[in-house]
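Beneath this line is the structure, given in structure tokens, with notes to follow.
Residues take their numbers from the sequence shown, with the count starting at 1. Everything numeric in this text was worked out from a predicted model, so none of it was measured. Counting starts at 1 for both ligands and their atoms, following the listed order.
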Amino acid sequence: MILTVTLNPSVDRALEVDALVRGEVLRAADSHIDPGGKGVNVSRALLANGVRSTAVVPTGGAEGEQLVDLLNAEGVDLLSVPIAGRTRSNITLAEPDGTVTKINEAGPVLSDTEFAQVSKAVLDAAEHADWVVICGSLPPGPSIDAFADLCSRLVGAGNRLAVDSSGPALLAGVAAGAALVKPNREELAEAVGAEPATLGDVVEACRRLRAAGAGAVLASLGADGAVLVDADGVLAGVSPVSVPRSTVGAGDALLAGFLAAGARGAAALTEGLAWGAAAVSLPGSRMPTPADLDRTHVRVTPDPDPSRLLHS
Ligand SMILES: Nc1ncnc2c1ncn2[C@@H]1O[C@H](COP(=O)(O)OP(=O)(O)OP(=O)(O)O)[C@@H](O)[C@H]1O
Ligand SMILES: O=P(O)(O)OC[C@@]1(O)O[C@H](CO)[C@@H](O)[C@@H]1O
């Protein structure tokens, strides 16, 4: 069982518009509502592909109820921790060429007591988990020290921890000795203080995160694919998408596919890239099912050319 933790989940509302024009009334051609938040998406993708997963989410207010209803409707196994604040709604504006504009709320404050309740739910459920996957932004409230403490306690208890977050939360996961971290290009740049221009720069940045404590680094690079740096070496892969519809949740699908396939080696990276590409071809933050997956376009190579330039 893979336990996911989303400290700041959301109800995701995606509106498809012909073109984004500031200051105008725009008419949506289509709209979707999905349960959201990065760990929630990882659980949804795993479930859609027959892999057991439980999602821990703090929920509150009408949007919290809606989130629980949406997740129940999808059949996601849920550990919902009630909080006083209102679960956020995040908005996606998607244009026909695949351009996505996202507006994310800060989310409700998690009090110290609420964070302690969520942590207890995580630590208890972690006893039965193959992986604990903490994803997404931290909500207002918990200090970075409290978050770092949760990561350290999970690792200390022998759990395999994966962290997909940004800024200090990503670095806290690294320092705690997470078995896996999944930064995207911007998060990787922020973590090492340098913007990668080539695959060699990405590999070097991943190596720095491993030296700082992470077991493996899966760097997602948008249309440039992904790079895996772990104890076995370096792998890079791409999976071209002919008609991108929405990149929202693509990183979550990549991570879910990688974990589902064993989180090691070319087979796992290939699976992750196939799930990521499928997510990009689907509207909103819909997660791919087996019928959406096409592994034939995925190309994974060891020790990629370090001078290859990043495009996206
Ligand atoms: N335009 C694209 N074309 C092809 N594949 C893409 C594209 N965008 C994303 N992907 C695939 O999805 C994966 C994850 O994308 P990205 O690096 O944008 O993740 P992310 O920023 O974590 O996404 P999110 O936070 O929305 O889940 C990439 O590694 C790649 O495999
Ligand atoms: O604000 P965060 O926590 O960084 O990201 C939240 C979010 O953008 O990430 C998911 C896509 O990866 C969406 O479901 C959700 O709206």
Could you walk me through whether D149 and S152 pass side-chain hydrogen bond (donor to acceptor under 3.5 Å, both in side chains), step by step?
-> CA-CA 5 Å; D149 183 57; S152 297; 5.8 Å; no
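At a heavy-atom distance under 4.0 Å, only side-chain atoms of V280, from C-beta outward, approach ligand 1. Contacts between D34 and ligand 2 below 4.0 angstrom, taking non-hydrogen atoms only, are absent altogether.
From the protein, the heavy atom lying nearest to atom 25 (O) of ligand 1 is K38 NZ, 2.7 Å. For atom 26 (O) of ligand 1, the nearest non-hydrogen atom of the protein is G249 N, 3.1 Å. Closest to atom 21 (O) of ligand 1, if we only count protein heavy atoms, is N184 ND2, 2.9 Å. Closest to atom 23 (O) of ligand 1, if we only count protein heavy atoms, is G251 N, 3.3 Å.
The shortest N or O to N or O distance between N8 and ligand 2 is not under 3.5 Å.
In summary, the atoms of ligand 2 found under 4.0 Å from a heavy atom of S10, numbered by their order in the structure, are 15 (C), 16 (O). Near G249, meaning under 4.0 Å from one of its heavy atoms, ligand 2 places the atoms 11 (C), 12 (O). Atoms of ligand 2 lying under 4.0 Å from any heavy atom of D252, numbered from 1 in the order shown and given with element: 10 (C), 11 (C), 12 (O). Residue contact check: N90 has heavy atoms under 4.0 Å from atoms 6 (C), 15 (C), 16 (O) of ligand 2. Near G36, the atoms of ligand 2 lying under 4.0 angstrom from a non-hydrogen atom of the residue are 14 (O). The distance from ligand 1 to the heavy atoms of S239 drops below 4.0 Å at these ligand atoms: 4 (C), 5 (N).
In the candidate list P183, G225, A223, G225 is nearest to atom 29 (O) of ligand 1, counting heavy atoms.
Residue contacts with ligand 2 include R88, since one of its heavy atoms falls under 4.0 Å from the ligand. Using a 4.0 Å heavy-atom cutoff, G251 is absent from the residues neighbouring ligand 2.
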